[in-house]
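None of the values given here were measured: they were computed from a predicted structure.
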Amino acid sequence: QVQLVESGGGLVQPGGSLRLSCAASRSIFSFNVLGWYRQAPEKERELVATFTSAITTTYADSVKGRFTISRDGAKNTLYLQMNRLQPEDTAVYYCHARTGFTSHWGQGTQVTVSS
């Protein structure tokens, strides 16, 4: 079983920054897709940023230029650097990893952007 553990969420004021981490129980290079999703209250879960084949990156239009996805293979860890945070970024952020047939999810970490 793959384990994904997120950390780094919290309360931040608009314009602030946070860095989320996702620690995986095995090599991050063993996944076809690795990335971040988020879900705001009463809204559907949406893609934020992903690696495809551990090299190609994809970002939601709403976060382009503000968020950066990265990874550290030696630490089996995925990161999401979030800058210039806005109230609409408030959500639970989930780490996601996928193989050919199986998706794996972390438990999520809360990000709240509020004055």
Side-chain angles (χ1 to χ4, degrees):
Q1 292 291 320
V2 173
Q3 302 293 321
L4 303 172
V5 181
E6 304 98 332
S7 62
L11 175 64
V12 64
Q13 294 187 353
S17 298
L18 287 172
R19 188 178 75 162
L20 306 183
S21 298
C22 171
S25 60
R26 72 186 198 191
S27 173
I28 59 175
F29 299 110
S30 67
F31 301 106
N32 302 114
V33 179
L34 186 66
W36 295 92
Y37 286 71
R38 68 185 181 188
Q39 187 166 22
E42 301 182 355
K43 294 184 178 180
E44 295 183 353
R45 189 171 298 184
E46 64 176 349
L47 183 147
V48 177
T50 64
F51 279 105
T52 301
S53 300
I55 187 168
T56 302
T57 57
T58 300
Y59 292 92
D61 288 342
S62 60
V63 307
K64 287 181 179 177
R66 299 188 298 119
F67 291 11
T68 303
I69 189 171
S70 62
R71 76 287 191 211
D72 187 332
K75 297 181 179 179
N76 288 350
T77 301
L78 178 74
Y79 302 98
L80 183 68
Q81 178 66 47
M82 305 184 294
N83 299 324
R84 302 192 302 280
L85 284 160
Q86 304 166 9
E88 54 264 38
D89 295 317
T90 295
V92 177
Y93 284 70
Y94 297 91
C95 183
H96 171 253
R98 182 177 176 84
T99 63
F101 294 97
T102 306
S103 289
H104 309 276
W105 297 90
Q107 293 300 306
T109 185
Q110 177 71 48
V111 172
T112 302
V113 185
S114 180
S115 298

With a 6.0 Å cut-off (strictly less than), is the heavy-atom count around CD of E44, excluding the residue itself, greater than 12? no
Count the heavy atoms of every other residue, nucleotide or ligand shown that sit under 6.0 Å from CD of E46, and state whether that count exceeds 12. yes
Do I28 and V2 sit in one hydrophobic cluster, given that two such residues count as connected whenever their side-chain heavy atoms are within less than 4.5 Å of each other, even indirectly? yes
Check whether F29 and F31 end up in the same hydrophobic cluster, where Ile, Leu, Val, Met, Phe, Trp and Tyr are linked by side-chain heavy atoms less than 4.5 Å apart.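 Both belong to a single hydrophobic cluster.
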All pairs passing side-chain hydrogen bond (donor to acceptor under 3.5 Å, both in side chains) where residues 74-83 contributes a residue, at least two apart: S17-N83, Q81-N83
Using only atom types and a distance under 3.5 Å, with no angle test, would you say the side chain of E6 pairs donor to acceptor with the backbone of T109?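 Answer holds: no.
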Check whether T50 reaches the backbone of T52 with its side chain - one donor and one acceptor, N or O, closer than 3.5 Å. no
Looking only at heavy atoms, what is the nearest atom pair of A91 and A40, with distance? CB-N, 3.8 Å
Check whether any side-chain heavy atom of F51 sits under 4.5 Å from a side-chain heavy atom of L78, and report yes or no. yes
May I ask you to test the S115-Q13 pair for a side-chain heavy-atom distance under 4.5 Å?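 No - every pair of side-chain heavy atoms lies 4.5 Å or more apart.
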Tell me, please, which residues at least two apart from T102 pass side chain to side chain contact (heavy atoms under 4.5 Å, CB included). T99, H104
For T90, all residues meeting side chain to side chain contact (heavy atoms under 4.5 Å, CB included), sequence neighbours excluded: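 With neighbours one apart ignored, the set is Q110, T112, V113.
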What pairs of donor and acceptor atoms, side-chain ones from residues 18-26 against any protein atom, are under 3.5 angstrom apart with sequence neighbours left out?
from	atom 1	to	atom 2	distance (Å)
S25	OG	Q3	N	2.9
R26	NE	S30	OG	2.9

Please tabulate, one pair per line, all N/O donor-acceptor pairs under 3.5 Å involving side-chain atoms of residues 61-70, not counting sequence neighbours.
from	atom 1	to	atom 2	distance (Å)
D61	OD1	K64	NZ	3.1
S62	OG	R38	NH2	3.4
R66	NH1	R84	O	3.0
R66	NH1	D89	OD2	2.8
R66	NH2	S62	O	2.8
R66	NH2	D89	OD1	3.0
R66	NH2	D89	OD2	3.4

Rest of the hydrophobic cluster containing V92 (Ile/Leu/Val/Met/Phe/Trp/Tyr, side-chain heavy atoms under 4.5 Å)? Y37, L47, Y94, W105
